Amino acid sequence: MHKLPVLGRKRRTNLLVWCFAFICAILAIIVIIAGIIVFIGYLAIRPKVPLLYVNAARLDDVIYNQASVLAVRLTVDIKAENHNQKAHVSFYNTRLTLEYHGLSIAMLVADPFEVKKNASEEFYYVVESSPIPLGKQEQLLTQQALQKGLFPFFLKGNSRTRWRIGSLGSVKFWLHINCHMWLPTNSSVVYPHCSSSSH
């Protein structure tokens, strides 16, 4: 006659394991609810990244002498736009560099400013360079530009933006501008509309 196997006692799950599992479940529920609230808030507000771009530019004067020294005067119109219907946007750390064939001509800086809901702000910079001694390559390119009546300039830089999305908190972005501008020597206004990219 075979003996029936003796079964050991069933092990009970430790109370600490149950507590840990309960806490994890509560945290998961909180994360899911927070995600749903953020998603609903996003759909309700539909935030849009602000824009910073070159609205217009004009080459007012060019002086190039026999000593191969260049001096220029430009007017640059920078525009900041906020297409958000429900949030003001703050712009700060705005610094743009104006270059001519890799030579830095001027730094365009703006103090911190705010753009209201669905509005824009414009900044007019009159840039008058110091005399710029040119190397041989730049001399040749400048002579060609004078013959064509068209000068190439490059504007690059960054601006930091911040705006609040209701009670969900604030959003921050870096805006980057890389703008090539071909400006005629007859003082005609050019509208490059080089828009910023966000990061």
Side-chain angles (χ1 to χ4, degrees), residues 26-60 72-100 102-130 151-184 187-199:
I26 294 295
L27 288 175
I29 291 169
I30 290 172
V31 168
I32 291 169
I33 291 172
I36 291 170
I37 291 171
V38 169
F39 182 68
I40 291 171
Y42 177 85
L43 290 178
I45 298 172
R46 293 189 181 277
K48 296 178 182 176
V49 177
L51 292 175
L52 189 69
Y53 63 90
V54 181
N55 187 45
R58 184 180 70 233
L59 179 57
D60 298 313
V72 294
R73 188 174 71 245
L74 298 90
T75 302
V76 183
D77 173 17
I78 305 292
K79 195 169 186 179
E81 288 188 351
N82 175 20
H83 294 287
N84 288 290
Q85 301 286 340
K86 300 181 180 180
H88 296 317
V89 175
S90 298
F91 288 77
Y92 57 101
N93 290 345
T94 305
R95 298 177 65 85
L96 307 174
T97 304
L98 183 66
E99 296 180 353
Y100 173 73
L103 302 171
S104 181
I105 293 176
M107 181 73 72
L108 281 57
V109 179
D111 291 330
F113 63 96
E114 190 171 275
V115 181
K116 294 181 180 179
K117 306 171 189 177
N118 203 28
S120 63
E121 291 286 337
E122 289 189 62
F123 296 89
Y124 296 93
Y125 294 92
V126 177
V127 179
E128 192 159 354
S129 74
S130 301
F151 270 70
F153 293 94
F154 186 62
L155 186 68
K156 66 178 181 180
N158 307 297
S159 182
R160 189 85 163 139
T161 61
R162 179 179 58 237
W163 73 101
R164 291 194 63 80
I165 301 179
S167 59
L168 301 177
S170 62
V171 177
K172 295 180 181 179
F173 274 100
W174 276 106
L175 300 180
H176 306 283
I177 283 186
N178 288 294
C179 185
H180 289 274
M181 303 181 294
W182 291 89
L183 304 182
S187 301
S188 298
V189 178
V190 173
Y191 302 93
H193 290 286
C194 299
S195 185
S196 58
S197 59
S198 61
H199 177 66

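Values below: every heavy atom of this structure, side chains too, minus hydrogens, waters and symmetry copies. Nothing here was measured: the structure is a model prediction, and the numbers come from that model.
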Taking only residues two or more places apart in sequence or in another chain, which ones pass side chain to side chain contact (heavy atoms under 4.5 Å, CB included) with [X]?
X	value
Cys194	Cys179, Pro192
Ile26	Phe22, Ile30
Tyr191	Ala56, Val189, His193
Ser188	Pro184, Asn186

Between the side chain of Asn93 and the main-chain N/O of Asn158, is any donor-acceptor distance below 3.5 Å?
->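 Checked: no pair found.
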Sequence neighbours left out, what passes side chain to side chain donor-acceptor pair (under 3.5 Å) with Thr75? Give chain and number order.
->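 Listed in chain order: Arg58, Asp60.
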Please list, chain by chain and in numerical order, all residues satisfying side chain to side chain donor-acceptor pair (under 3.5 Å) with Ser159, sequence neighbours excluded.
->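 In terms of side chain to side chain donor-acceptor pair (under 3.5 Å), with neighbours along the sequence ignored, Ser159 is linked to Thr94.
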For side chain to side chain contact (heavy atoms under 4.5 Å, CB included), just list the numbers for Leu155 and Met181, CA-CA rounded to whole Å, side-chain angles, deciding distance to a tenth of an Å, and then say yes or no.
-> CA-CA 8 Å; Leu155 186 68; Met181 303 181 294; 4.2 Å; yes
Would you please name every residue forming a ring pair (Phe, Tyr, Trp, His ring centres under 6.0 Å) with His88, sequence neighbours left out?
->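 None.
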Nearest 0.5 Å please: distance from the CG atom of Asp111 over to the OH atom of Tyr92.
->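 Answer rounded to 0.5 Å: 15.0 Å.
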Find the distance between CZ (Arg95) and CZ (Arg160) and round it off to the nearest 0.5 Å.
->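 The CZ atom of Arg160 is 15.5 Å from CZ of Arg95, to the nearest 0.5 Å.
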Can you name the salt bridge (charged side-chain N to carboxylate O under 4.0 Å, His left out) partners of [X], sequence neighbours left out?
X	answer
Asp77	none
Glu81	Lys79
Glu99	Lys156

Heavy-atom check, side chain of Phe154 versus side chain of Thr97, under 4.5 Å =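 No; the side chains remain at least 4.5 Å from each other.
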Side-chain heavy atoms of Leu96 within contact of Val76, under 4.5 Å =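 In short, these two side chains do not touch, never coming nearer than 4.5 Å.
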Looking only at heavy atoms, what is the nearest atom pair of Leu175 and Leu51, with distance?
->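 The pair with the smallest heavy-atom distance is CD1-C, 4.3 Å.
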What residue pairs, at least two apart or across chains, pass side-chain hydrogen bond (donor to acceptor under 3.5 Å, both in side chains) with a residue in residues 115-125?
->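 Listed once each, the pairs are Glu122-Tyr124.
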Relative to the ring of Phe173, is the ring of Trp163 parallel (under 30°), tilted (30 to 60°) or perpendicular (over 60°)?
->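 Parallel.
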Aromatic ring pairing Phe153/Tyr100, orientation class (parallel under 30°, perpendicular over 60°, tilted between) |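 Tilted.
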